[in-house]
Amino acid sequence: MASDNDNDVKEHLIECYRQRLRQLIKVDQVLDHIHFIEPGQKEQIRQKARTDGDSAATDQLISAVIAKPHVDGWFTAFVDALINGGCEFAAEYMKVIPPEPEVEAEHDQRVKLIQLLSPSLMDMKTEDVRVECFSRGLLTLEDSEIIKAATTNQGNMGGARELLRYIVRGRRGWFSEFLEILRKTEHLHLYELTGGSPDSDKKGDSHDSSTHPAQGMSLVKYLSKYRNEGSVFFNKRLQYSVSLVSEALLCFTVLGAAAGGSEKAEIVLRDYQMDVARPALEGKNIIVCLPTGSGKTRVAVYITKKHLDCRRAEGSSGKVVVLVNKVPLVEQHYSAEFLPFLKPAYKVERVSGDCQLKISFTEIVKKNDVIICTAQILENFLERSNKGEDEGVELSALTLIVIDECHHTQKGEVYNHIMMRYLMQKHKNKRLKKEQKEPMLLPQILGLTASPGVGGATKMVKVEDHILRICANLDASRIMTRDLGEFQREPRKNNLPVEDRKEDPFGDVIKNIMNSIQTHAELSPTSDFGSQNYEQWVVQKERIAATEENQKVRICSEHLRQYNEGLNLSHTIRMQDAFSFLNKYHEEEIQKKTTPDDEHVIEKTVTEIFLSNLFGEKKEELQQLASKPEYENDSLSQLRCQILREFSSRKEARGIIFTKTRRSAIALSQWIQEDPKCADVGVKAAYVIGGGDQSVVKPMTNTEQRDVLNKFRNGEVNVLIATTVAEEGLDIPACNFVIRYGLVTNEIAMIQAKGRGRAEDSSYTLVDVKNSGVAEKECVNEYRITLMNKAITKIGALNQAEYDKRVRSLQTVLKLKQQKGEVKFSCRGCSKHICTGDDIQIIEGMHRVNVTPEFSELFIPKENSPNEQSEDKYYIACKKCGQRWGSMMLYRGIDCPSIHVKNFVVSFNGEKKSKCTKWSELPIKFPNFDYNEHANRIVESYDDES
């Protein structure tokens with residue numbers, strides 16, 4: 001009897017190769033030979049295979065195999081079942097004799113080629129090919145019978161589909177034998193299409209190493225040759241396959257690069273990609289403007305490699321920094337793009353707030369050829385160099401900067417701070433040349449974007465100015481774009497209007513509460529409850545009241561805003577979710593006024609008591625109404641119908657639903673997971689939301705985002721419910737449907753969201769939600785996109801002299817210097833003066849902290865609930881009124897009160913700023929936090945006490 005330790009080792013072995021087994025196991029055949037799984041469980045697994053395919057069912061099969069307690073000989077029985085079920089390749093992994101990495105990579109390439117060329121392979125004479133495959137041992141008897149039955153019942157193409165599915169899951173070496181079978185059964189056009197020699201009909205030429213892709217010429221080179229000469233080989237009926245081969249080329253370059261080797265790391269660009277790259281290959285600064293999913297990053301990798309190759313050939317080294325604006329993009333670009341293609345010839349490293357590297361960024365820059373990092377990190381170290389600190393980085397140390405999502409190179413953005421340094425030095429270099437002094441070397445700039453947008457402009461000349469300003473900020477000699485031609489994917493568009501509720505008693509109760517609050521505060525709105533205009537009005541009222549220290553109006557305005565949000569949520573998600581939101585808000589308001597130890601009392605005003613009682617009186621009625629499905633909104637019904645349509649009309653549906661808020665993303669995900677009709681058609685939903693702290697909803701960590709996206713990539717999840725975080729940048733696999741649920745932002749987001757639907761026959765659907773105005777906004781965005789495309793065309797048509805003249809006129813060099821001025825902060829909740837700008841320091845370029853003893857006397861630390869958005873254990877709140885001020889962050893073992901500017905009324909040079917919700921809106925640079933000084937101060941205070 002095997003020991004528990006032996007069983008654990010075998011379980012671990014299976015888990016290690018789970019992903020590979022998903023690709024290789026034929027579930028039905030293997031189940032026939034496994035006798036230690038109960039019949040009922042076998043039937044469940046078979047049903048999973050019928051509905052979701054072998055890959056998904058294999059997960060269920062593996063879970064059943066490794067489930068404890070084990071019967072004697074379970075592992076040997078599993079391996080025997082793999083062999084007897086025609087999965088010899090899978091069995092090799094279980095025998096701990098897996099293929100070499102290059103063989104494994106080659107197998108993956110062959111499988112992908114068959115998948116990509118399957119539309120043409122469907123034309124095979126299935127019966128002839130089946131007989132030959134069976135006689136050569138590529139198919140088991142059971143495989144052969146299944147394929148024969150499929151051909152009889154579903155026709156030739158149905159049989160061909162089954163044959164291709166089974167053959168790639170068989171034994172090692174299947175591909176070359178399959179080619180020979182195609183040749184022998186007189187499928188010469190298919191034989192050539194899949195890599196066979198076009199001269200195979202000549203005696204002795206069938207395995208000529210000069211043309212057979214498995215020998216001699218690499219598959220990448222062979223496919224390149226095929227793409228270029230495809231019209232010579234094939235008749236018009238097969239021309240569609242030429243574009244598929246181009247798809248295969250892109251896939252194989254990634255697979256080959258990941259497996260290592262110089263030839264395998266060859267990057268093959270499509271024609272339109274090479275066209276946009278050409279000026280950068282000549283050393284010019286450019287912007288590459290191509291749609292989402294069209295391979296912008298691949299173009300950047302190609303330019304990076306050529307840049308480094310050229311410098312090496314000239315006897316000098318290159319230094320490339322790739323800048324991104326989101327932390328998850330660092331790992332994405334590193335592992336999926338730059339590292340596979342550039343190693344081992346060049347050293348590639350990534351740096352972000354998530355990285356645990358033990359050496360400084362300066363040393364990382366010195367020791368590597370390509371560094372992928374968030375823009376703020378580079379900006380911090382450029383600033384250090386500017387101050388003359390040792391641990392800094394100079395622009396002159398870099399030879400190429402790649403800026404991802406470069407349309408963010410605008411006022412206030414970190415990209416623009418970096419480029420302002422560049423433009424200042426460029427301006428200084430002109431003066432140095434006039435003085436016949438040596439100018440500082442500057443890096444080449446490469447910008448990447450799917451859309452520069454229109455910047456809110458409505459007239460062509462303003463749109464041109466907006467785009468040219470981005471070009472000027474990036475010092476770009478051109479903005480490069482091309483038509484994608486045969487690779488263009490334009491999804492089908494649907495608009496789904498919704499009907500108003502006939503009765504809305506839940507909404508009526510909320511409106512009555514809002515009327516009572518307006519009467520109490522003597523407020524008279526000019527727009528309807530639930531509308532965007534009302535939202536803007538009440539936000540403005542709160543800001544004005546805060547600056548005027550009118551706490552009655554401020555508090556009422558804040559409550560009106562929350563009720564307005566609750567009303568909108570009832571139009572978007574379930575009423576019970578809207579009720580939960582309002583109930584949680586009022587529980588937090590009560591919590592504000594309590595302290596952990598009851599050492600001191602927090603004031604409650606008459607208005608706060610009134611507001612608390614008002615909700616308490618209506619709470620039970622709202623809860624009862626929220627449970628009545630007959631009053632639910634029509635938007636959810638329309639969304640459910642569209643999801644069911646997508647999953648019922650496609651063999652494998654995969655899509656994204658965009659929604660406005662984190663709260664609605666989480667609620668929609670839960671609703672879909674609980675819906676039995678969605679479960680019946682195989683919907684597996686999960687949400688992905690942002691990681692910032694601007695929302696009261698707990699953000700996702702980068703690891704959590706990665707986990708969800710990986711599940712979406714491998715099929716464990718097939719519907720993502722996402723906020724706008726998924727519109728830009730993140731590496732999300734091609735989808736065949738995109739739904740924008742009551743959400744339309746700007747034209748840039750629209751282009752990026754549409755670009756997520758990159759698969760064949762994809763759809764793009766707008767589901768209206770009451771007060772969202774999505775249909776009207778979508779029309780506006782389409783008009784803006786038309787304007788933008790025309791403007792890019794006009795800019796592209798300018799001669800270089802005229803273009804340069806217009807760009808130079810927009811290149812206003814701004815000095816990056818600290819503005820002088822006095823800043824004061826008052827509590828937003830009670831107007832009490834808290835501190836000045838002199839008391840604030842900054843940690844890692846982003847966290848503003850106040851570590852003065854005086855400040856520590858003004859707040860109380862309170863423990864965050866598990867659902868709070870902060871990763872910090874405690875938040876800090878005003879001792880007097882309970883207003884939240886920020887969080888208690890732990891920095892290198894020291895508690896540092898980190899304050900959030902949105903929780904204060906800010907005065908700058910004696911004038912109160914009505915709007916200041918982000919630190920970037922305050923034109924002040926705070927000094928860096930002095931860790932050593934503060935640590936010494938803490939030690940001294942301990943000494944004084946002891």
Side-chain angles (χ1 to χ4, degrees), residues 18-19 22-23 52 55-56 59 250-251 254-255 258 291-298 322 324-340 350 352-355 372 374 404-405 448 450 643 646-647 652-659 661-662 664-666 668-670 672-673 682-692 695 697-741 743 749 752-759 762 871:
R18 180 186 282 264
Q19 289 303 319
R22 280 168 56 92
Q23 300 168 16
D52 296 345
S55 294
D59 274 331
L250 286 180
C251 173
V254 176
L255 286 170
T292 300
S294 59
K296 292 185 298 297
T297 310
R298 186 63 47 79
V322 182
V324 298
N325 62 334
K326 293 179 181 177
V327 172
L329 293 177
V330 174
E331 184 62 36
Q332 176 183 309
H333 285 348
Y334 172 79
S335 58
E337 294 287 351
F338 285 87
L339 184 66
R350 79 285 206 199
S352 73
D354 275 4
C355 293
I372 303 160
T374 45
D404 192 32
E405 308 295 349
L448 308 175
I643 293 171
E646 296 290 355
F647 275 82
E652 287 189 23
R654 180 198 294 265
I656 302 181
I657 301 170
F658 287 104
T659 186
T661 65
R662 294 177 182 177
S664 60
I666 296 168
L668 286 172
S669 177
Q670 184 179 355
I672 292 171
Q673 289 167 2
V683 180
K684 296 168 287 187
Y687 65 86
V688 59
I689 59 177
S695 168
V697 178
K698 184 178 180 181
M700 265 186 150
T701 65
N702 296 319
T703 301
E704 289 170 334
Q705 285 182 354
R706 249 190 328 267
D707 288 345
V708 172
L709 294 179
N710 284 337
K711 288 179 180 178
F712 189 60
R713 190 171 290 108
N714 65 31
E716 291 179 59
V717 169
N718 52 24
V719 173
L720 276 184
I721 298 92
T723 53
T724 53
V725 68
E727 287 177 337
E728 181 177 289
L730 293 187
D731 181 25
I732 296 175
C735 304
N736 46 29
F737 73 88
V738 173
I739 300 174
R740 287 177 78 77
Y741 183 66
L743 170 70
Q752 289 167 332
K754 272 189 175 182
R756 294 300 179 194
R758 304 197 292 272
S762 59
E871 294 181 10

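Hydrogens, waters and symmetry mates are skipped; everything else that's a heavy atom, side chains included, is used. No experiment lies behind these values; they were computed from the predicted model shown.
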Glu716 CD: over 12 foreign heavy atoms closer than 6.0 Å |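 Buried by this count: over 12 neighbours within 6.0 Å.
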Listed partners of Ser664 passing side chain to side chain donor-acceptor pair (under 3.5 Å), at least two apart |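 Scan of Ser664 (side chain to side chain donor-acceptor pair (under 3.5 Å), adjacent residues dropped) gives Thr659, Thr661.
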Is it true that a side-chain atom of Asn736 and a backbone atom of Arg654 form a donor plus acceptor pair closer than 3.5 Å?
->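 Such a contact is found between Asn736 side chain and Arg654 backbone.
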In terms of heavy-atom contacts, does NZ of Lys684 have more than 12 from other residues, nucleotides or ligands at under 6.0 Å?
->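 More than 12 within 6.0 Å, yes.
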In this structure, which one of Phe647, Tyr687, Phe712 forms a side chain to side chain contact (heavy atoms under 4.5 Å, CB included) with Val719?
->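 That would be Phe647; it is the only one of Phe647, Tyr687, Phe712 passing the side chain to side chain contact (heavy atoms under 4.5 Å, CB included) with Val719.
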Backbone N or O of Ala685 within a donor-acceptor pair of the Gln673 side chain at under 3.5 Å?
->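 Yes: the side chain of Gln673 pairs with the backbone of Ala685.
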Could you tell me whether the side chain of Val324 reaches within less than 4.5 Å of the side chain of Thr374, counting heavy atoms only?
->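 Side-chain contact under 4.5 Å: yes.
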Separation of Glu704 CD from Ile689 CD1 (nearest 0.5 Å) |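 Here the interatomic distance stands at 8.5 Å.
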So, does Thr723 use its side chain to make a donor-acceptor pair with the main chain of Arg662 at under 3.5 Å?
->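 Absent.
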Looking at residues at least two apart in the chain, or sitting in another chain, which of them share a side chain to side chain donor-acceptor pair (under 3.5 Å) with Gln23?
->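 Scan of Gln23 (side chain to side chain donor-acceptor pair (under 3.5 Å), adjacent residues dropped) gives Arg20.
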Which pair of non-hydrogen atoms, one from Pro340 and one from Ser335, has the smallest distance, and what is that distance?
->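 Minimum heavy-atom separation between Pro340 and Ser335: CG-O, 3.2 Å.
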Let me see the working for Ile643 and Glu646 under side chain to side chain contact (heavy atoms under 4.5 Å, CB included), right down to the final yes or no.
-> CA-CA 5 Å; Ile643 293 171; Glu646 296 290 355; 5.9 Å; no
Atom pair CD1 (Ile657) and CD1 (Ile739), whose distance is rounded to the nearest 0.5 Å =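 Here the rounded value is 4.5 Å.
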Is the backbone of Lys326 close enough, under 3.5 Å, to the side chain of Asp404 for a donor and an acceptor to pair up by distance?
->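 Absent.
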Between the side chain of Lys296 and the main-chain N/O of Glu405, is any donor-acceptor distance below 3.5 Å?
->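 Here the side-chain-to-backbone pair does not exist.
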Shortest non-hydrogen contact from Ala686 to Val708?
->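 It is CB-CG1, 4.1 Å.
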Any chance you could measure Ile372, atom CD1, to Gln332, atom CD, to the nearest 0.5 Å?
->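 Result: 10.5 Å between the selected atoms.
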Are the charged groups of Glu331 and Arg350 less than 4.0 angstrom apart, N to O?
->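 Judged by the 4.0 Å cut-off on N to carboxylate O distance, Glu331 and Arg350 do form a salt bridge.
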